[in-house]
Amino acid sequence: MPPASTRALLERMDPERPLLLLLRHAARGPILANTTGDGVPLLPEGVASARALGECLRGRVVTLRSSPVPRCIQTAEALADRAAYVREVTMDPRLGAPGAFVLDPPVAWESWIRLGHEGVMAALVAGERLPGFAVPHEAAHALVTHMVTVAADRPGAHVFVTHDSLLTATLAHTIGGLFPPSAWPTFLEALAVVPADGTLAFTWRGHTRVMPWP
């Protein structure tokens, strides 16, 4: 079952407006220490949850994009199957690495080894630029602008499947907040973005912040 926060976003969806969802992938297996974990697939329960989310979005998905990492692709494909999304899932490098936040993967990986996952996440949330990474607030702005461009004011759901690090950093520089590990996005949680009249409304776990854009 998708998390309650994501289901609540869909329940409030206005069919006359575009709804952009920056979505963490579904449940995966454990990642070994000091490995990227790129090859770790979804667990069976992760596939089932992604399909259930697809049921919630049935007939409403207009665009569906995924990080090139397999577990994100698996999430998007399971969602597409139940959402009756008949087009191919689009691979979007901005949602992975290199991408919006990671500019040079080998150099960024050195930061990951040195600081650990929590340390990298904390630095991105705080706005600190690490070697191999973009300036966090600029990366968040560029990613959201990309999402808005993809949606192109078309009503319906526009889904972007990504990773917890990218989603958390984007949250910090849109909704705002420190986001300690206890507040990190769970599997299939999403940041919702709704464009309207030169503004963007960002919604996360029931809290909405409206900002002028661009």
Side-chain angles (χ1 to χ4, degrees), residues 18-26 28 31 35-42 46 50 53-54 61-81 83 85-113 117 120-121 123-125 127-152 154 156-174 184-185 187-193 195 200 202 213-214:
L19 173 68
L20 288 54
L21 296 172
L22 187 60
L23 179 77
R24 187 185 178 191
H25 59 75
R28 55 155 171 76
I31 294 177
T35 67
T36 64
D38 283 355
V40 175
L42 295 187
L53 179 56
V61 178
V62 180
T63 61
L64 179 53
R65 292 181 169 237
S66 172
S67 158
V69 171
R71 59 180 171 271
C72 292
I73 298 171
Q74 287 181 289
T75 299
E77 290 178 342
L79 188 157
D81 179 57
Y85 182 79
V86 297
R87 294 183 292 279
E88 291 289 326
V89 174
T90 300
M91 299 300 104
D92 192 334
R94 292 174 180 83
L95 301 170
F101 285 85
V102 175
L103 301 180
D104 186 329
V107 175
W109 181 241
E110 292 176 6
S111 295
W112 236 290
I113 294 295
H117 187 59
V120 168
M121 294 275 274
L124 294 178
V125 165
E128 178 184 348
R129 184 174 187 178
L130 297 173
F133 289 83
V135 177
H137 75 272
E138 292 178 357
H141 187 282
L143 178 60
V144 172
T145 298
H146 168 65
M147 293 167 60
V148 171
T149 300
V150 168
R154 289 172 289 175
H158 303 267
V159 183
F160 301 80
V161 185
T162 189
H163 307 269
D164 62 342
S165 53
L166 190 149
L167 175 53
T168 303
T170 303
L171 284 165
H173 298 286
T174 53
W184 288 354
F187 297 119
L188 291 180
E189 278 204 292
L191 168 66
V193 184
L200 294 180
F202 297 89
W213 206 269

Let me confirm one number: the [atom1]-[atom2] distance from [X] to [Y], rounded to the nearest 0.5 Å.
{"X": "Phe202", "Y": "Leu20", "atom1": "CZ", "atom2": "CG", "answer": "9.5 Å"}
{"X": "Asp164", "Y": "His25", "atom1": "CG", "atom2": "NE2", "answer": "6.0 Å"}
{"X": "Glu138", "Y": "Arg129", "atom1": "CD", "atom2": "CZ", "answer": "7.5 Å"}
{"X": "Glu189", "Y": "Leu22", "atom1": "CD", "atom2": "CG", "answer": "12.0 Å"}
{"X": "Leu143", "Y": "Thr174", "atom1": "CG", "atom2": "OG1", "answer": "9.5 Å"}
{"X": "Leu64", "Y": "Glu77", "atom1": "CG", "atom2": "CD", "answer": "9.0 Å"}

Checking side-chain contact (heavy atoms from CB on, under 4.5 Å) against Leu79, which of Leu53, Leu188, Val89 comes through? Leu53
Look only at the side chain of [X] and the backbone of [Y], and say whether a donor-acceptor pair between them is shorter than 3.5 Å.
{"X": "His173", "Y": "Leu124", "value": "yes"}
{"X": "Ser111", "Y": "Pro131", "value": "yes"}
{"X": "Thr90", "Y": "Arg65", "value": "no"}
{"X": "Arg71", "Y": "Thr75", "value": "no"}
{"X": "Arg24", "Y": "Leu166", "value": "no"}

Do [X] and [Y] touch side chain to side chain, with heavy atoms closer than 4.5 Å?
{"X": "Pro185", "Y": "Leu171", "answer": "yes"}
{"X": "Trp213", "Y": "Val144", "answer": "yes"}
{"X": "Ser165", "Y": "Met121", "answer": "yes"}
{"X": "Val150", "Y": "Phe160", "answer": "yes"}
{"X": "Met91", "Y": "Ser66", "answer": "yes"}

Between [X] and [Y], which heavy-atom pair has the shortest distance, and what is it?
{"X": "Glu128", "Y": "Pro136", "result": "O-CG, 3.5 Å"}
{"X": "Gly99", "Y": "Leu103", "result": "O-CD2, 4.1 Å"}
{"X": "Leu21", "Y": "Ala190", "result": "CD2-CB, 4.2 Å"}
{"X": "Leu95", "Y": "Val161", "result": "CD1-O, 3.6 Å"}
{"X": "Ala140", "Y": "Phe101", "result": "N-CZ, 3.7 Å"}
{"X": "Ser67", "Y": "Gly96", "result": "OG-CA, 3.7 Å"}

Between Val120 and Leu130, does the side-chain contact (heavy atoms from CB on, under 4.5 Å) criterion hold? Intermediate values first, please. CA-CA 8 Å; Val120 168; Leu130 297 173; 4.2 Å; yes
Look at the rings of Phe133 and Trp112 and say which category their plane angle falls in: under 30° parallel, 30 to 60° tilted, over 60° perpendicular. tilted
